[in-house]
Participant: 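This is the structure I want to talk about, given as C-alpha cells.
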Amino acid sequence: MEERYNAQKTEKKWQEFWEEQKLFAVKEDTELPKFYCLEMFPYPSGRIHMGHVRNYVIGDVITRYKKMRGFNVLHPMGWDAFGMPAENAAIKHGIHPSKWTRENISYMKEQLKKMGLVYDWQREVTTCNPEYYRWNQWFFLKMLERGLAYKKTSSVNWCPSCETVLANEQVINDGCWRCDTTVGQKELEQWFFKITAYADELLKDAGTLSEWPEKVVTMQRNWIGRSEGVEVDFRIAGSDRKLRIFTTRQDTLYGATFMSVAKKHPVVAELVRDEEIIKNIEALSDDPEEKQGVFTGCYAENPLTGDNIPVYAANFVLMEYGTGAIMAVPAHDQRDFEFAKKYDLPIKVVIVPERRGEVFSPLLEKHGSAQADAYKLQKAFEDDGVLVESGPFSGLTSEEAREKIADFLEKEGLAKKVVNYKLRDWGISRQRYWGTPIPIIYCSSCGIVPVPERDLPVVLYQDVQLSGKGASPLSEVRDFVVTKCPKCGGNAKRETDTMDTFVDSSWYFIAYCLGGNEKIDFTSSLRTGEKTSPLQYWMPVDQYIGGIEHAVLHLLYSRFFTKVLRDLGLVEINEPFSRLLTQGMVIKDGAKMSKSKGNVVDPDFLVNNYGTDTVRIFSMFAAPPERDLEWSDQGVDGAMRFLNRIWAFVYNNHDNLCISGSGRLKDISCFQAQASQLLRKTHQTIKKVTNSIERDYHFNTAIAALMELVNETLAFSPANDDERNLLRFTIKQVILLLSPFAPHFSEELWRETGESQSVFNEKWPAWDEDIAREEEIELVVQINGKVRAKIMTAAGLDDETVKGKAFSDPKINEIIKDKTPKKVIVVKGRLVNIVI
RNA sequence: GCCGGAGUGGCGGAAUUGGUAGACGCAAGGGACUUAAAAUCCCUCGACUGGUAACGGUCGUGCCGGUUCAAAUCCGGCCUUCGGCACCA
C-alpha cells in the first residue's frame, strides 16, 4: 500500500476494471427487482460542464447504492445529437454537422468515463443515427394514421434577413440572435402533433405524480391550463351570422356591454365592408402593454338582455384561444374595464361583493341601483359575489349563477358547456438541416403521401453546403427533394422540413430498454408477448434526474409520447417517470457559471488535479441535490482532506486491517466504554447514512454522518484483539458506506483491507437497532421552557423516575425552592419541563 | 400582476417534522511539530454580558403578532429574494 493516495492511478485502474468486468451492464432478470435510474442525456456541445457533472454524479451514486441494495439497475447514457449548434458550427467553420457532433460525442464520452460514471454503454443511443431517427419517422407515420399528426398553417417567428424560422428561445429582445434583425411573424404551413387530444389525461395523471416535485406538477397544470366554461352564441344584428364566444364567467353575462374579437377573426372579413375600418383593424398594434380596438360597425344581441351591443376588433383578443371572440364585461374584467374607459363604453355592475352572507353595497342600498357605483369604479371587481340587476338570476351567488345560467342557455339552445385548454398542439416542423426528415412526399396528383414504412428511414442527405441563408437547406438539394410518388409512381417532391429535436428526446428512455441504437425495434416488440418485453420489465423509469428547465417542455412531451405509445400497444404504462429529481444549479460567486462572467470551473481541471472522487464528495456534501450548489475551491480541499485522513489511517493500521475475513465481533457488553461507543456509533451511522439516502437522497447529511464516524474511528486506538477486530469491522463499514460517493477510493481500500471481490458486489450494510440504541442520554431539565440543567441518565427510564431525577438536581432545587410546580411535562428520552 | 420555492453564525449548510438551535464542513484565530515552509495534529470560534477563575446570565433562526408547558418548525399579517408564467376571456 502506498503512503499517499494516488487518485490518477487508482481511478484509471478501477475504471478499466469495471468496464472489463461489465459490472454495470445489465440484462432483464425477472428474479431480481429492477431499478431504472436515468439522467437527462446531454446535447453534445463539445465539453461536459459542471451542471452535467452534478447531474450525473447524483445518478451514479444512486445507481451504485441501488446495486448494493440488490437491485438490477439499468443506468444508460446517450446523446441528444440533433440541433442548431451543429449547424452553426458548420456555417462558421465549414465542418459538417455530423463530423462536429461525432467528434464532440467521442470527447465527452471520454470525460464521462474519466469521472468514473458507470453506464451500460452497450445501450447507448445517438439520436442523429439513422437507426435511431427512423423510429421518429415511424412514430410520425403511426400518429398520422391515427390523426395525431396533421398539417396546418400557423404563425412562426421569422427573421427576414436570415430567411429562416426561429424558435422562441432564439428570439432575443424581439431580435434575431444571429443578426439582431427584428423578428416578425410569418404564416407557414407546418406539421403538428395533436398533444391537445391528451390534454385531459395529461392533466388528470399529473395528479398521480406524487413523487415529482410539487412545483413541476403545478407548472404542468398551469401550462395545460384547463378551464370550464360555456360557448355562447350572440346574434349579429341585421345578419344571420352568429358570433360565438367562450367565457368562464357566464354569471356576468348581464353586464356584457360590448364584444371584442381578434383582428384575424373571420367575422371581420365577412361582415366589415368599410375600407377605412379594415385598414384601422390591420393597423392595430401588437404591443401587449396598450389595449387598442376598432369598432367594426357591427352590433350583436346580448342573449339574456336582448340589448344590442357594439362589436370591436381588439388587439388583446387571441385567435388561438377559445373562439377568438369574447363578451366584454367592463365592470368585472380588468382588461375590458380599461378598454371601456378608453373608448367610453358603458360599464354595468352585475356582481357585488358579499360580506358575512349579506350583500355589501352601500350605494345599492342608498340608491336602489348598483349602477351608481359604476362611474366611480377605479378597477374591475373580478371576484365572485352576488348577482344584481340580472333578471331572474339576481340574488344568486356567482357560483350558483354560473350553473343556472349555463343550464338555462343550454336549454334555450344558445350555448353549450365546453372545456378549454391553454395547451396548443405541438408544432414540430423546423426549416433546418440537422434533424429528422419528416417522412412525407408531395405528389401533384395524389397530394400528401406518407413515405411507406418499408422505405424508412428517410436518410438525412449528407452532402450539403450550409450557408445560414435561405429556407430549409434540404430544399436546395435536388437529389433529396426529387422523388417518385409511392402511390402513383409519378414525379413528386419530398418534405424538406425536419422535426423538432424534442421529438428525439420524447422516447429515448424507451430506446435504452430495447438495447440502444441498432437494437431498437418496435415492429417486433409489437409482435412479442408483452410479458417478456424488455419495455415491460424496465419501464417506467424509477428515478429521473435533470434540470428544472425541462419542467414543462421535455417532460410534458415525454408524457404525451408515452401515452401515444401505450395506445399503439407498445407499452403498458401511463407515465414514463415515477420519481423525478430536479437538481439545482451549480453557481460560483453567487451567480450561475458562464463564460461571460468568467466564473466557470472546468471539470477536466478538477479531475486531473483532485481526482473525481474528491469532486464527487464535495459536490454531494455541499448542498442537498435539489438546491443550488455554491462552488468553493476550499470546500474541494476539505473533501480531499477527508479522503486523505481515511487513507492515512488505513495505511498506518494496515497490518491490523488487511487480515481477510474479519472474525466474529464480541457482544457489545464485553467492550470497554470507548469501544462499545464506537460500535454503537458504527451502527448509528449505517442507519443515518441509509436513511439520508432513502429520504430524498440527502447525500450531504449522509456524508456528514460518515465524517463523524471517521472522526471517532481515527481517535480510537485498540488495546486488544477484540478491539482490533472491532476497528477492522468499523473501517469496513466506512468503506462500504462511502463506496457510492467515492467509488475508486473505496474499491482500492476494500482490496487493501484483505478483500478480493469488488466492493460493488457487496451487500449494503445493515444496522442492528439494539446496538444502535443509546444506553445513556443527556436529560435536559427546563424550568418554564428554559434549559436549566443537563443530567446524564440511563436511557429508557419511566416518567416517574425521570421526574425524580430532575427534582433531585441541586440546581433545579435552587430555582424551585419552595414553589409548587404547576405542571411537569416529560418527553421520553429528551427532556423534562417544569412549569412553576 | 399570478403561481411556486427560499430567508438560520463570517460562509455552505444541520436540526429525529413542535422538544437542548447551529451537526458536518469551509474560513478565521491560537498552539504543537519543523532550521523554515508546506502538509499534518491539537484547541477556540453566534452576539452581548458577569466573574481572577471554575462557572454563569440575557438575547438570538427576515420582521410584527398569535397558539402552546415548549415554535427555525404551526396559524395570521408584512418585508426581502430567486425561479416560472404572463393579455388564456
Side-chain angles (χ1 to χ4, degrees), chain A residues 4 213-219 221-223 225-227 229 245-250 252 260 286-291 314-318 320-329 332-336 338-339 382 420-424 548-549 551-552 584-585 587 590 617-618 621-624 626-639 641-642 644-645 648 687-688 691-692 695 698 700-711 714 777-790 811 821-836:
Chain A
R4 297 195 67 82
E214 190 58 42
K215 182 191 192 175
V216 175
V217 176
T218 308
M219 278 165 77
R221 281 205 182 102
N222 293 341
W223 189 264
R226 183 192 146 102
S227 59
I245 61 104
F246 173 73
T247 183
T248 56
R249 290 299 304 271
Q250 58 272 23
T252 65
S260 301
D286 293 322
D287 181 8
E289 290 299 303
E290 200 192 350
K291 302 208 177 352
N315 67 344
F316 66 90
V317 179
L318 305 171
E320 298 80 38
Y321 185 76
T323 62
I326 58 166
M327 66 173 194
V329 186
H332 305 295
D333 181 282
Q334 186 58 23
R335 288 159 308 181
D336 296 341
E338 285 166 31
F339 197 90
E382 293 184 321
N420 253 310
Y421 299 93
K422 284 204 259 185
L423 184 70
R424 300 290 145 73
I548 186 78
E549 66 273 17
V552 174
M585 287 187 301
I587 57 176
I617 292 282
F618 171 72
F621 174 66
E626 71 279 5
R627 276 221 235 173
D628 284 352
L629 168 68
E630 172 77 36
W631 195 261
S632 151
D633 293 337
Q634 283 113 340
V636 179
D637 291 337
R641 272 198 289 272
F642 171 58
N644 284 339
R645 287 201 304 145
K687 181 178 182 178
K688 183 83 201 292
N691 289 343
S692 287
R695 179 172 67 101
H698 277 198
N700 56 329
T701 50
I703 293 172
L706 263 172
M707 286 173 168
E708 280 190 60
L709 176 60
V710 167
N711 289 344
L714 267 49
I777 58 147
E778 191 183 49
L779 179 71
V780 169
V781 186
Q782 297 182 331
I783 304 283
N784 294 339
K786 289 194 173 170
V787 181
R788 283 295 119 105
K790 295 174 182 179
K811 259 175 75 185
K822 288 188 197 126
K823 202 171 180 182
V824 182
I825 294 119
V826 180
V827 181
K828 277 229 183 323
R830 296 207 171 273
L831 59 76
V832 177
N833 187 14
I834 301 163
V835 185
I836 54 172

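We name chains A, B, ... by the order of the sequence lines, and we start the count at 1 in each one. No hydrogens, no waters, no symmetry mates; every other heavy atom, side chains included, goes into these values.
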Participant: To check you understand the geometry: which heavy-atom pair defines the closest contact between A:Ala622 and A:Leu629, and what is its length?
Facilitator: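 Looking at all heavy atoms of both residues, the shortest contact is CB-CD1, 3.2 Å.
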Participant: Can you list the residues that meet the ring-ring contact (aromatic ring centres under 6.0 Å, His included) rule with A:Phe316, with sequence neighbours excluded?
Facilitator: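 Once residues adjacent in sequence are excluded, the partners of A:Phe316 under the ring-ring contact (aromatic ring centres under 6.0 Å, His included) criterion are A:Phe339.
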Participant: Take atom CE of A:Met219 and atom P of B:A86, then tell me their distance rounded to the nearest Å.
Facilitator: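 Taking CE of A:Met219 and P of B:A86, I get 10 Å after rounding.
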Participant: Would the distance check show the side chain of A:Arg249 and the main-chain N or O of A:Glu382 forming a donor-acceptor pair, the cut-off being under 3.5 Å?
Facilitator: yes
Participant: If you measure from the P atom in B:C82 to the same atom in B:G12, how many Å do you get, rounded?
Facilitator: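 B:C82 and B:G12 have their P atoms separated by 15 Å.
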Participant: For A:Phe621, which residues count as a ring-ring contact (aromatic ring centres under 6.0 Å, His included) partner, sequence neighbours excluded?
Facilitator: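 Partners of A:Phe621 by the ring-ring contact (aromatic ring centres under 6.0 Å, His included) criterion come out as none, since no residue qualifies.
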Participant: Please list, chain by chain and in numerical order, all residues satisfying side chain to side chain donor-acceptor pair (under 3.5 Å) with A:Glu708, sequence neighbours excluded.
Facilitator: A:Lys681
Participant: Without decimals, in angstroms, what is the distance between A:Glu549 CD and B:G4 P?
Facilitator: 22 Å
Participant: With rounding to the closest Å, how many angstrom separate the P atoms on B:G60 and B:G1?
Facilitator: 33 Å
Participant: Could you pull out all residues at least two apart from A:Asn700 that satisfy side chain to side chain donor-acceptor pair (under 3.5 Å)?
Facilitator: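 Expected list: none.
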Participant: Give me the distance, rounded to whole Å, that separates B:U35 from B:G25 when you measure between the C1' atoms they each carry.
Facilitator: 34 Å
Participant: Hey, does the side chain of A:Lys823 come within less than 4.0 Å of B:C69's phosphate (OP1/OP2), counting only N and O?
Facilitator: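 For A:Lys823, the contact criterion (side-chain N or O under 4.0 Å from OP1 or OP2 of B:C69) is met.
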Participant: Applying a 4.0 Å non-hydrogen cut-off, can you work out what A:Ser227 is touching in the nucleic acid: base, sugar-phosphate, or nothing?
Facilitator: sugar-phosphate
Participant: Would you please name every residue forming a side chain to side chain donor-acceptor pair (under 3.5 Å) with A:Lys790, sequence neighbours left out?
Facilitator: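 So A:Lys790 forms no side chain to side chain donor-acceptor pair (under 3.5 Å) with any residue.
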Participant: Please list each protein N or O that sits under 3.5 Å from an N or O in nucleotides 26-31 of chain B, with the distance.
Facilitator:
| unit_1 | atom_1 | unit_2 | atom_2 | d |
| --- | --- | --- | --- | --- |
| B:C26 | OP1 | A:Arg641 | NE | 3.1 |
| B:C26 | OP1 | A:Arg641 | NH2 | 2.8 |
| B:A27 | OP2 | A:Arg641 | NH2 | 3.3 |

Participant: Contact class for A:Val552 vs. all strands (heavy atom < 4.0 Å): base, sugar-phosphate, or nothing?
Facilitator: nothing
Participant: With a 4.0 Å cut-off on heavy atoms, is A:Lys822 in touch with a base, just the backbone sugar-phosphate, or nothing at all?
Facilitator: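 Since no nucleic acid heavy atom lies under 4.0 Å of A:Lys822, the category is nothing.
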Participant: Quick one: classify the glycosidic conformation of B:G9 as syn or anti, with syn meaning within 90° of 0.
Facilitator: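 Chi for B:G9 falls in the syn range.
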Participant: So what does A:Asp336 hit on the nucleic acid, given a heavy-atom distance under 4.0 Å: a base, only sugar-phosphate, or nothing?
Facilitator: nothing
Participant: Considering only heavy atoms from C-beta outward, does the side chain of A:Lys215 approach that of A:Ile548 to under 4.5 Å?
Facilitator: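 They are in side-chain contact.
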Participant: With sequence neighbours left out, write down each residue that passes side chain to side chain donor-acceptor pair (under 3.5 Å) with A:Lys687, or none if nothing qualifies.
Facilitator: A:Glu769
Participant: Separation of A:Leu709 atom CG from B:C24 atom C1', in whole Å?
Facilitator: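 Going from CG in A:Leu709 over to C1' in B:C24 covers 13 Å.
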Participant: Are the side chains of A:Arg4 and A:Asn644 in touch, meaning some heavy atoms are under 4.5 Å apart?
Facilitator: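 Yes, close enough: below the 4.5 Å cut-off.
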Participant: Quick check: do A:Met327 and A:Thr252 have side-chain heavy atoms less than 4.5 Å from each other?
Facilitator: yes
Participant: Using a 4.5 Å cut-off on heavy atoms from C-beta on, say whether the side chain of A:Glu626 contacts that of A:His698.
Facilitator: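 Yes, at least one pair of side-chain atoms sits under 4.5 Å.
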Participant: Can you name the atoms? Protein N/O to nucleotides 18-21 of chain B N/O, anything below 3.5 Å, with the distance.
Facilitator:
| unit_1 | atom_1 | unit_2 | atom_2 | d |
| --- | --- | --- | --- | --- |
| B:U20 | O2 | A:Lys790 | NZ | 3.0 |
| B:U20 | N3 | A:Glu778 | OE1 | 2.9 |
| B:U20 | O4 | A:Glu778 | OE1 | 3.4 |

Participant: Between P on B:G5 and NZ on A:Lys215, what's the gap in Å once rounded to a whole number?
Facilitator: 9 Å
Participant: Taking the nucleotide of RNA chain B with the nearest heavy atom to each, does A:Trp223 or A:Glu214 sit closer to the 5' end?
Facilitator: A:Glu214
Participant: Identify all pairs in which a protein N or O lies below 3.5 Å from an N or O of nucleotides 71-73 of chain B, and state each distance.
Facilitator:
none

Participant: Could you state the atom-to-atom distance from CD of A:Gln334 to P of B:G1 in whole Å?
Facilitator: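 Checked: the CD to P distance equals 13 Å.
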Participant: Given the structure, check if the side chain of A:Arg335 and the base of B:C88 hold any donor-acceptor pair shorter than 3.5 Å.
Facilitator: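 Not at all, since no donor on one side and acceptor on the other fall under 3.5 Å apart.
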Participant: Rounded off to whole Å, could you give me the CZ-to-C1' distance for the A:Arg221 and B:C2 pair?
Facilitator: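 Nearest whole value for this atom pair: 17 Å.
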Participant: Verify the contact: side-chain N or O of A:Lys811 to OP1 or OP2 of B:G56, cut-off strictly under 4.0 Å; return yes or no.
Facilitator: yes
Participant: Separation of A:Arg4 atom CZ from B:A38 atom P, in whole Å?
Facilitator: 15 Å
Participant: Represent RNA chain B in dot-bracket notation, 5' to 3'. Only Watson-Crick or G-U wobble pairs with both distances under 3.5 Å count; pseudoknot-style crossings use [ ] and interstrand partners use |.
Facilitator: (((((((..(((......[....))).(((((.......))))).(((((....)))))..(((((..]....))))))))))))....
Participant: Suppose we screen for salt bridge (Lys or Arg N to Asp or Glu O under 4.0 Å). Which residues come up paired with A:Arg221, at least two apart in sequence or across chains?
Facilitator: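 Scan of A:Arg221 (salt bridge (Lys or Arg N to Asp or Glu O under 4.0 Å), adjacent residues dropped) gives none.
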Participant: Could I get a table of every N or O pair under 3.5 Å where one atom is in the protein and the other is in nucleotides 9-15 of chain B?
Facilitator:
| unit_1 | atom_1 | unit_2 | atom_2 | d |
| --- | --- | --- | --- | --- |
| B:G12 | O2' | A:Ala622 | O | 2.7 |
| B:G13 | O3' | A:Asn700 | ND2 | 3.3 |
| B:A14 | OP1 | A:Asn700 | ND2 | 3.0 |
| B:A14 | OP2 | A:Arg627 | NH2 | 3.3 |
| B:A15 | OP1 | A:Arg695 | NH2 | 3.2 |

Participant: Sub-3.5 Å donor-acceptor pair from the side chain of A:Asp628 to the main-chain atoms of A:Met585, do we have one?
Facilitator: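 Side chain of A:Asp628 to backbone of A:Met585: a pair is present.
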Participant: Using OP1 and OP2 only, check whether a side-chain N or O of A:Arg226 sits under 4.0 Å from B:C88.
Facilitator: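 No.
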Participant: What's the CZ-P distance between A:Arg645 and B:C41, to the nearest Å?
Facilitator: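 In whole Å, B:C41 P and A:Arg645 CZ are 6 Å from each other.
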